[in-house]
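So that the names make sense, note that chain A is the first sequence line, chain B the second, and so on, each numbered from 1.
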2 protein chains.
Amino acid sequence: MVVISLSQLFHCHFQEGSVTQASIQAVAREAGVSVSTVSRAFAKPDLVLPETRERVMAAAEKLNYRISRSAAALKSGQSFRIALLLSESIVTWFNSRIYAGLDSVFHPAGYDISVFSMTNADERRNFFTDLPVRRNVDAVVVSSFNIEPDESRKLKSMNVPIVGINIPSNNGFDAGVSIDDHAAEHIAVDHLVALGHHRIAYIGYDEMDDRSALRYSASARLQGFMDACNSYPGVTPMPLSLDHAGDPANAVLNCIISASPAPSAVCLCDDELAIPALFRLRQYGRRIPQDLSLIGFDDNLYAPSLGLTTLHQDPYAMGAKAAQKTLALISSDSKHPSAAAEPRFETPQVQLMLRETTAPYVDPDA
Amino acid sequence: MVVISLSQLFHCHFQEGSVTQASIQAVAREAGVSVSTVSRAFAKPDLVLPETRERVMAAAEKLNYRISRSAAALKSGQSFRIALLLSESIVTWFNSRIYAGLDSVFHPAGYDISVFSMTNADERRNFFTDLPVRRNVDAVVVSSFNIEPDESRKLKSMNVPIVGINIPSNNGFDAGVSIDDHAAEHIAVDHLVALGHHRIAYIGYDEMDDRSALRYSASARLQGFMDACNSYPGVTPMPLSLDHAGDPANAVLNCIISASPAPSAVCLCDDELAIPALFRLRQYGRRIPQDLSLIGFDDNLYAPSLGLTTLHQDPYAMGAKAAQKTLALISSDSKHPSAAAEPRFETPQVQLMLRETTAPYVDPDA
DNA sequence: TTGTAAGCGTTATCAC
DNA sequence: GTGATAACGCTTACAA
């Protein structure tokens, strides 16, 4: 009678590494070194002899070993997790690119991004009351969020770097990357005035319809538009606003048709609004740019091929830059308190992309 | 001389909880219970007396205590991290919605999503060779990825649930949510044929230009189109393809202009292509739908307000559903091997959205 | 229902 | 440059 014990049966399975996940102990044994050496070989490769490192890596490879991020996180006191605060869903043109830009830097550095999107006042209040991220993230990135002073004070209490993207003020932030919405609209108005336009409309969403939206950008753009128009004698700004609900294309059409006197040029708060507007206006016989000039904001996916004149911003680059600043702050936090990547705050340029939706003013009565 | 010790100096700071992060020990002390009770109060609230729980929660609140996710993860053996494999950037219409749908389920459940987007063959090979997620994720979600048999075998070796979204085959997956691209194009063709069209073009990207793209969806759609046309006697399918490079609007325009005989209807592989096409074709005098019918795919953000007739899919819902299946698999894994949410594989319906870019065929010579 | 105590798999502090 | 060992902050048998 042949007796085979369970451990004998399973021995080969364990050897093959397909069932059990090898720990650092096993790798140390396999490589004939101590666990500390294995740890160093992964975390601080230059502290071990190249030859030793090779042996460790070979053993790790053989056993299909990977460092446990949880254990490393626990011991090192970091969580390797970054909180990203959004005031809208991640599916928007802007937010998805911010995420991708952040991830392009954070992911290779071993950090995960935990997204908190607060789309209404309740979610927002709960977040700042509970502060669920406390002690569980190494930094907070706040994007396009019209954060209030006591909210940013609450974040500060977590003692981790707070980095802002397109935020109203640098106050309460350790670093930031924000475009100048106000100045950007000024560029648009300058262009239209240079073309001879003097009745210029601005169309955005009604600011009051949800309090947590990226209200800052919206109001800064409108304000920039107003200030720019008012800096030119004879130019009449016509601020119009839309309900968030309903078909944006129709809303813009109605808005423009019912404006009196009729504007000869329109700045739209973003391309997401400008594109349906361009479409519908042409469909209803308005020639663009001959009868009406149009300027968008963002330079999104469709703007180039539709020939939309618009203000260009690059949220992917902004996200990447913000992530770099964040990592610099995280590492400086522990060692050299002042070695963070300078400058801490940056303002990327917004560029007017001249395409086919603006043209010189022509007097319709002439 | 007054001597004040450091600990005296800092005492009040620690009390206020603003500098040091309280651990579970401190909460236990504050609440007058053991650490296990504190742990249970958070993780398994129904295992402690309501009264005790209250005391614990009050103490935790007072000390600003939050569970350390790293420590909980280490001890429990889970990582509370999900890998999401993408074959394109997360910024696409489809992927950003998949992410948002997954996150809507994973985030509340305490899981983070770690995105791995493989946009070229190198990245893809490295990922499957290294398998950096091994031992560090609780599940893998694969989205719109034309995964190969030996790749899915490698994933299987990790012993965590593998869930697919819009994948070519359920083989190697524990659960999945995929639309039927083939059947969807059949619906589009049925519609056009019913309108009297018989020279119908399909425009997609050249499949060969990057091997890692979501080739499966692309080829399945084309195949569905071909099969559908061929099922109707007298209907001529005209498969055309585009370079990925250059302005899509111009590419589509050229493609259609140079096709001979001229098609009376066109199916486009997605709305991202259909929208610039619609725009440019109208700009160049082609009346749509009178001269040419157009059908897109996706029903994206702009399709409704542009009046684009298109095939509707809902990636957000697919992501949410996939996440639910994933969580079911994770918890069944440890306990009841068969209690996973049934059915494990689902095929959401794709719906034709009839709008304003298709019309009955009119003989141009009549 | 609650407490005691033994780890989970790393990293860090020492020696050597 | 490398090795022994003590944490890190939780969870979970098991005991009470």
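Side-chain proximity of B:V35 to the nucleotides C:dG9, D:dC10, C:dA5 is greatest for C:dA5. Out of C:dG9, C:dT11, C:dT1, the shortest distance to the side chain of A:A72 is found at C:dT11. Closest to the side chain of B:S34, from the set D:dG9, C:dT11, C:dT4, is C:dT4. Closest to the side chain of B:T52, out of C:dT2, C:dG9, D:dT11, is C:dT2. Looking at the side chain of B:L74, the nearest of the listed nucleotides C:dT11, C:dC8, D:dT2 is C:dC8.
The base of C:dA12 does not come close enough to the side chain of A:K75 for any donor and acceptor atom to sit less than 3.5 Å apart. Not a single donor-acceptor pair, N or O on each side, falls under 3.5 Å between the base of C:dG9 and the side chain of B:R135. A donor-acceptor contact under 3.5 angstrom links the side-chain atoms of B:R40 to the base of C:dG3.
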_Using side chain to side chain donor-acceptor pair (under 3.5 Å), reason through A:E148 and A:S152 one step at a time and then give a plain yes or no._
CA-CA 6 Å; A:E148 289 173 15; A:S152 83; over 6 Å; no
_If you apply the rule ring-ring contact (aromatic ring centres under 6.0 Å, His included), what do you find for B:F116 with B:F128, and how did you get there?_
CA-CA 11 Å; B:F116 293 79; B:F128 285 101; over 10 Å; no
*What's the verdict on ring-ring contact (aromatic ring centres under 6.0 Å, His included) for B:Y99 and A:Y99, showing C-alpha distance, side-chain angles and the deciding distance?*
CA-CA 11 Å; B:Y99 180 95; A:Y99 180 95; 5.1 Å; yes
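Within the structure, every side-chain polar atom (N or O) of A:S76 is placed at least 4.0 Å from both OP1 and OP2 of C:dT11. Put simply, B:S68 has no side-chain N or O that comes within less than 4.0 Å of OP1 or OP2 on D:dG9. Taking side-chain N and O atoms only, A:K44 has a distance below 4.0 Å to OP1 or OP2 of C:dA12.
Comparing B:V48 and A:R66, the nucleotide of DNA chain C nearest to each residue sits closer to the 5' end for B:V48.
Each of B:V115, B:V141, B:L102, B:V140 was evaluated against B:I82; a single residue qualifies, B:V141, per the side chain to side chain contact (heavy atoms under 4.5 Å, CB included) test.
Among residues two or more places apart in sequence or in another chain, the side-chain contact (heavy atoms from CB on, under 4.5 Å) test is passed with A:L49 by A:T52.
Looking at heavy-atom distances under 4.0 Å, B:S36 makes contact with a base. Contacts of A:L49 with the nucleic acid, taken as non-hydrogen atoms under 4.0 Å apart, involve only primed sugar atoms and P, OP1 or OP2. Using a 4.0 Å heavy-atom cutoff across all strands shown, B:S39 reaches at least one base atom of the nucleic acid. If you check every strand for non-hydrogen atoms under 4.0 Å, B:V38 touches nothing. As judged by a 4.0 angstrom heavy-atom cut-off over every strand, A:Y65 is placed among residues touching the sugar-phosphate backbone only.
Atom CD1 in A:I24 sits about 12 Å away from atom P in D:dG3, given to the nearest Å. As a whole-Å value, the separation of A:Q78 CD from C:dT10 C1' is 14 Å. Atom-to-atom, CD of B:Q25 to C1' of C:dA5 comes out at 12 Å; the value is rounded to the nearest Å. Look at CZ on B:F42: it is 15 Å from P on D:dT12, rounded to the nearest Å. We find that CZ of B:R29 is positioned 12 Å from P of D:dC10, with the value rounded to whole Å. Whole-Å rounding puts the A:L47 CG to C:dC14 P distance at 16 Å. Computed from coordinates, the A:F80 CZ to C:dT10 C1' distance equals 11 Å when rounded to whole Å.
Counting all heavy atoms, side chain and backbone alike, B:L85 lies closest to B:M118 at CG-CE, 3.7 Å.
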